Amino acid sequence: MDTMNYTEDYPINLLDELAGGIWEHELPADFAGSLEYVLAGFSERDRRVIYARFRDKKTLEEIADSENLSRERIRQIIAAKIKKLKHPIRLNYLIYGVKGMEAAAVQKAISSHCETALKSICEIADKLGNMPVDNMKAIAETCETAKTEKRLDELDLSVRCYNCLKRANYETLEDVCSHTRDEISKIRNLGQKAFNELDKIVHKHGLKFKDE
């Protein structure tokens with residue numbers, strides 16, 4: 001039985017599906033472009049299926065006929081894509097828009113750098129009060145450790161990789177790098193593909209695992 005609610009127009013019907021009820025967020029000014037930006041990460045076929053289901057309001061049977069697939073396969077594709085759209089990063093793009101996300105990223109970077117700078121100053125001042133002034137090695141080590149933390153939800157991680165790390169209580173990329181490659185690779189359900197993805201992101205940000 002086809003149970004989709006046809007009373008709401010696109011894209012509200014899609015957003016209601018993501019919310020599991022009623023989408024309560026006001027749409028950003030650049031929502032149309034933001035939705036296209038998010039859906040661009042799907043295959044051409046998956047985008048067709050999503051558009052047919054929610055924009056064109058076709059039944060599962062109609063979509064199955066046009067895609068030469070079974071009704072059950074179409075249902076599985078839609079369920080998988082809805083799950084992906086519920087990923088925190090993709091949801092934030094739909095809530096705040098691409099421009100809003102870009103502005104938030106800039107603000108976070110500024111705030112983070114300010115906090116890091118203040119931390120460095122306090123740590124250096126503390127060390128200067130307890131060591132000879134010419135002990136520049138300690139000062140250099142303090143500055144080296146004052147790094148901007150990179151939160152996992154701000155990185156371009158796949159849903160699988162992100163969820164596995166969160167379930168293992170990792171919050172930042174620095175948390176990940178405080179462990180060895182072997183320890184990270186043994187995280188439940190992470191898998192080799194997700195580990196390789198994480199490995200690339202770690203080195204892309206100039207970081208290393210504990211045993212490297």
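Computed from a prediction, not measured in an experiment: that's the story for all the values here. Sequential numbering from 1 along the given sequence is applied to the chain's residues.
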> Whether the N13 and E17 side chains hold a donor-acceptor pair (N or O, under 3.5 Å, no angle test) is what I'd like checked.
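There is no such pair between these side chains.
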> Hey, is the main chain of C161 close enough, under 3.5 Å, to the side chain of E197 for a donor-acceptor pair?
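No, E197 side chain to C161 backbone: no donor-acceptor pair under 3.5 Å.
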> State whether the number of non-hydrogen atoms from other residues, nucleotides or ligands found under 6.0 Å of K186 atom NZ is greater than 12.
no
> Is there a donor-acceptor pair under 3.5 Å between the side chain of R160 and the backbone N or O of L190?
yes
> Does a sphere of radius 6.0 Å around CG in D156 hold more than 12 heavy atoms from other residues, nucleotides or ligands, not counting ones at 6.0 Å or beyond?
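Open: at most 12 neighbouring heavy atoms sit under 6.0 Å from CG of D156.
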> Any donor and acceptor pair, going by atom type alone, linking the side chain of E212 with main-chain N or O of F209 inside 3.5 Å?
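Answer holds: yes.
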> To the closest 0.5 Å, what do you measure between OG (S34) and NZ (K99)?
9.0 Å
> Partners of T180 by side chain to side chain contact (heavy atoms under 4.5 Å, CB included), sequence neighbours excluded?
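With neighbours one apart ignored, the set is D182, E183, K210, D211.
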> Report yes if the distance between the aromatic ring centroids of Y170 and H179 is under 6.0 Å, otherwise no.
yes
> Verify the neighbour count for atom CD of E72: are there more than 12 heavy atoms of other residues, nucleotides or ligands below 6.0 Å?
yes
> Less than 4.0 Å between a side-chain N and a carboxylate O, is that true for K150 and E174?
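So E174 pairs with K150 through a salt bridge.
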> Identify whether the distance between the nearest side-chain nitrogen and carboxylate oxygen of K58 and D56 falls below 4.0 Å.
no
> Holding to ring-ring contact (aromatic ring centres under 6.0 Å, His included), I want the full list of residues that pass it with Y37, two or more places apart in sequence or in another chain.
Y93
> Could you tell me if the side chain of L15 sits less than 4.5 Å from the side chain of L27, heavy atoms only?
yes
> State whether E171 and K166 are salt-bridged, where the test is any N-O pair (Lys NZ or Arg NE/NH1/NH2 against Asp/Glu carboxylate O) under 4.0 Å.
yes
> Please say yes or no: joined through hydrophobic side-chain contacts below 4.5 Å, possibly via intermediate residues, are L39 and I89 part of one cluster?
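L39 clusters together with I89.
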> Between D9 and K57, does at least one N-O distance fall below 4.0 Å, as a salt bridge requires?
yes
> Answer yes or no for K81 and F42: cation-pi contact, defined as NZ/CZ to six-membered ring centre under 6.0 Å and angle to ring axis within 45°.
yes
> Using side-chain heavy atoms (C-beta onward) and a distance below 4.5 Å, is R167 in contact with R188?
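The answer is no; the side chains never approach within 4.5 Å.
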> Without swapping roles, check the side chain of N92 against the backbone of P88 for a donor-acceptor pair under 3.5 Å.
yes
> Assigning hydrophobic clusters by single linkage (Ile, Leu, Val, Met, Phe, Trp, Tyr; side-chain heavy-atom cutoff under 4.5 Å), is V159 placed with I77?
no
